[in-house]
*Asks:* 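Quick one: the structure is below, questions incoming.
Just so we're on the same page: letters track the sequence lines, and every chain starts at 1.
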Number of protein chains: 2
Amino acid sequence: MLRRFNRTYTQRIGVLEESFLGTGRPLAVSRLLFEIGAAGGEHGVTVRDLRERLDLDSGHLSRMLRRLEADGLVATAADPADQRRRVVRLTEAGRAARQDLDDRSEELAARIVAPLTDRQRERLTEALATADLLVRAATIHLREVPPEDPLGREALGNYLREIDERFSTGYRTSGPVAAEQGSTYVLATSDGEPVAYGGIRPAPALPGAAFEIKRMWVHGDWRGAGLGSRMLRHLEQLAAERGATSIVLDTNEVLTEAIAMYERTGYRSVERYPGSDPHATHFFAKQVG
Amino acid sequence: MLRRFNRTYTQRIGVLEESFLGTGRPLAVSRLLFEIGAAGGEHGVTVRDLRERLDLDSGHLSRMLRRLEADGLVATAADPADQRRRVVRLTEAGRAARQDLDDRSEELAARIVAPLTDRQRERLTEALATADLLVRAATIHLREVPPEDPLGREALGNYLREIDERFSTGYRTSGPVAAEQGSTYVLATSDGEPVAYGGIRPAPALPGAAFEIKRMWVHGDWRGAGLGSRMLRHLEQLAAERGATSIVLDTNEVLTEAIAMYERTGYRSVERYPGSDPHATHFFAKQVG
DNA sequence: CACAATGTCTGACTCTAGTCAGACATCCGC
DNA sequence: GCGGATGTCTGACTAGAGTCAGACATTGTG
């Protein structure tokens, strides 16, 4: 189905792309203009950031930026924090051009669906939203990150903040959270945004080769997309590669979805184990390897 | 939503296209190879046909064909029916190359959705099927055709055959069906295939400026996609432009979906009118203009 | 049978996209 | 404060995609 849809889509909606022409600017440049607006905001965005987001060659990007600059649509300046970096931001004319682009796309999208009835349009919107979520979920990128990785820290911060909000009693122990001994962290990103996080560490206080899963977090917008169990499987596999024969984890009774997921994924409830979190109320274990 | 999806899609699934590379052939050439296989079948396909299907420049297409020919993947010959035309068909090697392309795409598509659970994959397939149908429905092309248009005749043939099958008693009057006096026909196509058909003709036997809608047909795969009512609206508008103040049409009781659609679209049931089909059992009219 | 229309092909282009090597400045750790 | 790493930019490319004018053969029509 994916292939059939791909064919229909590129044939019929491919126009959405070509419409960027007619502004006298090639597609890639328009896309860049768009991205600078989206990522830049008030403060602008660094060239490096743009290169990562759009996955462009340094030379190619540089040339396109110069073109936009020559057209008076963007202004670049050295980043005060690091003079090697350059910060790009839209000028007034640039914002106008981007708005124009936006309007054209909007209008074209409206024209494409215009022949449909209201109910059909609703069905299409719904179907595309579902497909969007699932395609995004399917193409999420999982990777090991060191504890000091900035995106990892962001994810961890979200985890702690959410835990803190969830516990009316307050959870956070004061001071920064140190990386745990021998731990490995995995970060899942989508469009450069952290969407899930979690880690494993050896649990020497337990019998056998046990690993503990720690700090599992899934972005609120992504719950229900199967991301949690995917992260869990990934962490289990990592632990198994490091010689684990069993996995333990603890959680709190207020995290009902998490508990349901652990049970669904083959974990069985166990007694409190040594080294577990004092705030935890539920404990799980599973054999692996 | 269309735009958001478009962004996700081109970013994540754009790979489906690039995968055509790695075969040493550029994308457009691979697409052409694919299309020759799809459209050509046993008898091959004319260059003209390919140009229309892929919307390519004559020179561009010619060069790509030559490239495929040099690689030994296609063979061209003059069309016996018209020596100006050239017919292209895949060679044995061409069929193999196309199959290879097909396998790669299939494999890649499978890899993209691999991280999803079975249930998610099902949901994605369903969502894409819905989106596919609706996008196709939205981009269908309606145009007036002369009675002798080959695609129009094909549609009319389908109409007559289906009517014939539907009536156990047999419907068809013997001999070819002549175009009706002063009539105008509209054909809807998708990917060059006729998907709906219908006509109007003046009904001089009726009081006032009446037009009759005749021979409405919608392709079986397309029923429920709103195509019938769209065609109906289009025909009404055409009639109105020709000065009609009322529209009449007849149908048979066995065509229950059609009857439901007419009622939904504002037609009211009337008595048999002069000039109507002797096999018809239900008659409808509507004011327009 | 002349003539316009049709169908394909070649040649000569342009523009976009993308790659690679290296210049140059700045930053960071020792 | 030296040397490697990082970030950006320029120059010199290549290949793909697409456009346009016109050559040439064939076909249908008055």
Side-chain angles (χ1 to χ4, degrees), chain A residues 10-11 14-15 17-36 44-71 74-89 148 150, chain B residues 10-11 14-15 17-36 44-71 74-89 148 150:
Chain A
T10 48
Q11 260 181 27
V15 204
E17 307 260 301
E18 280 142 52
S19 80
F20 285 113
L21 304 174
T23 59
R25 252 180 293 283
L27 174 59
V29 177
S30 294
R31 210 141 42 187
L32 175 58
L33 183 64
F34 206 86
E35 198 64 32
I36 295 171
V45 55
T46 63
V47 173
R48 165 153 242 310
D49 219 35
L50 286 172
R51 208 165 58 229
E52 280 206 347
R53 276 166 177 273
L54 295 166
D55 191 33
L56 287 170
D57 174 79
S58 161
H60 191 193
L61 175 55
S62 178
R63 248 175 289 270
M64 290 198 291
L65 282 173
R66 206 119 334 99
R67 177 161 179 173
L68 286 175
E69 215 166 12
D71 291 354
V74 306
T76 61
D79 183 346
D82 180 343
Q83 301 263 77
R84 288 170 303 182
R85 273 199 269 261
R86 313 218 74 202
V87 176
V88 187
R89 83 191 66 214
E148 70 274 14
Chain B
T10 48
Q11 260 181 27
V15 205
E17 307 260 301
E18 281 142 52
S19 79
F20 286 114
L21 304 173
T23 59
R25 253 180 292 285
L27 174 59
V29 177
S30 294
R31 206 138 48 185
L32 174 58
L33 182 65
F34 204 88
E35 197 66 32
I36 295 171
V45 56
T46 62
V47 172
R48 166 154 239 311
D49 220 33
L50 286 173
R51 209 166 55 229
E52 280 203 348
R53 275 164 178 274
L54 295 167
D55 191 34
L56 287 170
D57 173 78
S58 162
H60 191 192
L61 175 55
S62 178
R63 248 173 290 269
M64 291 198 290
L65 282 174
R66 207 117 333 100
R67 176 161 179 173
L68 287 175
E69 215 167 13
D71 290 354
V74 307
T76 61
D79 183 347
D82 181 343
Q83 302 263 78
R84 288 170 304 183
R85 275 200 267 261
R86 312 218 76 202
V87 176
V88 187
R89 84 190 67 213
E148 71 274 13

*Asks:* Just the rounded figure in Å: distance from C1' of C/dG7 to CZ of B/Arg84.
*Replies:* 6 Å

*Asks:* To the nearest Å, give me how far apart CG (B/Asp79) and P (D/dG28) are.
*Replies:* 11 Å

*Asks:* Could you check how far CZ of A/Arg86 sits from P of C/dC27, rounded to whole Å?
*Replies:* 13 Å

*Asks:* Expressed in angstrom and rounded to an integer, what is the separation of B/Arg25 atom CZ from D/dA15 atom P?
*Replies:* 17 Å

*Asks:* Just compare D/dC9, C/dC9, D/dT26 and give me whichever is closest to any side-chain atom of A/Val47.
*Replies:* D/dC9

*Asks:* Heavy atoms only: give me the nearest B/Val74-B/Leu65 pair and the separation to one decimal.
*Replies:* CG2-O, 4.1 Å

*Asks:* Once you round it to whole Å, what is the distance between C1' of D/dG7 and CZ of A/Arg48?
*Replies:* 8 Å

*Asks:* Which comes earlier along DNA chain C counting from the 5' end, the contact point of B/Arg51 or that of B/Asp57, where each point is its nearest nucleotide?
*Replies:* B/Arg51

*Asks:* Within the 4.0 Å heavy-atom criterion, would you say B/Asp82 contacts the bases, only the backbone, or no part of the nucleic acid?
*Replies:* sugar-phosphate

*Asks:* So if I take every side-chain heavy atom of A/Arg67 and compare against C/dT26, C/dT16, C/dA5, which nucleotide ends up nearest?
*Replies:* C/dT16

*Asks:* What distance separates A/Asp79 CG from A/Arg86 CZ, expressed to the nearest 0.5 Å?
*Replies:* 10.5 Å

*Asks:* Measuring from the side chain of A/Pro26 (C-beta onward, heavy atoms only), which nucleotide among C/dT16, C/dT6, D/dC9 has the closest atom?
*Replies:* C/dT16

*Asks:* Does C/dT26 have OP1 or OP2 under 4.0 Å away from a side-chain N or O of A/Arg85?
*Replies:* no

*Asks:* For a quick test of reading the model, state the closest non-hydrogen atom pair linking A/Leu68 to A/Arg25 and the distance between them.
*Replies:* CD2-CD, 4.0 Å

*Asks:* Counting side-chain heavy atoms from C-beta on, which of C/dT19, D/dT27, D/dC9 comes nearest to A/Ser62?
*Replies:* D/dC9

*Asks:* To the nearest Å, give me how far apart CE (B/Met64) and P (D/dT19) are.
*Replies:* 11 Å

*Asks:* Considering all heavy atoms of both residues, which atom of A/Met64 and which atom of A/Ala28 are nearest to each other, and what is their separation?
*Replies:* SD-CB, 3.7 Å

*Asks:* Find the distance B/Leu56:CG to D/dC20:P and express it as a whole number of Å.
*Replies:* 15 Å

*Asks:* Counting heavy atoms from C-beta on, name the nucleotide in C/dA17, D/dT27, D/dA17 closest to the side chain of B/Ala28.
*Replies:* D/dA17

*Asks:* Would you indicate, yes or no, if C/dT16 has its OP1 or OP2 atom less than 4.0 angstrom from a side-chain nitrogen or oxygen of A/Arg63?
*Replies:* no

*Asks:* Report the nucleotide, chosen from D/dC9, C/dC20, C/dT26, that has the shortest atom-to-atom distance to any side-chain atom of A/Ser58.
*Replies:* D/dC9

*Asks:* Starting at atom CG of A/Leu61, determine the distance to atom C1' of D/dG7, rounded to an integer number of angstrom.
*Replies:* 11 Å

*Asks:* Looking only at non-hydrogen atoms, find the nearest pair between B/Arg67 and B/Gly24 and report the distance.
*Replies:* NH2-O, 3.5 Å

*Asks:* Any idea which of C/dA17, D/dA17, D/dA5 is nearest the A/Leu27 side chain?
*Replies:* C/dA17

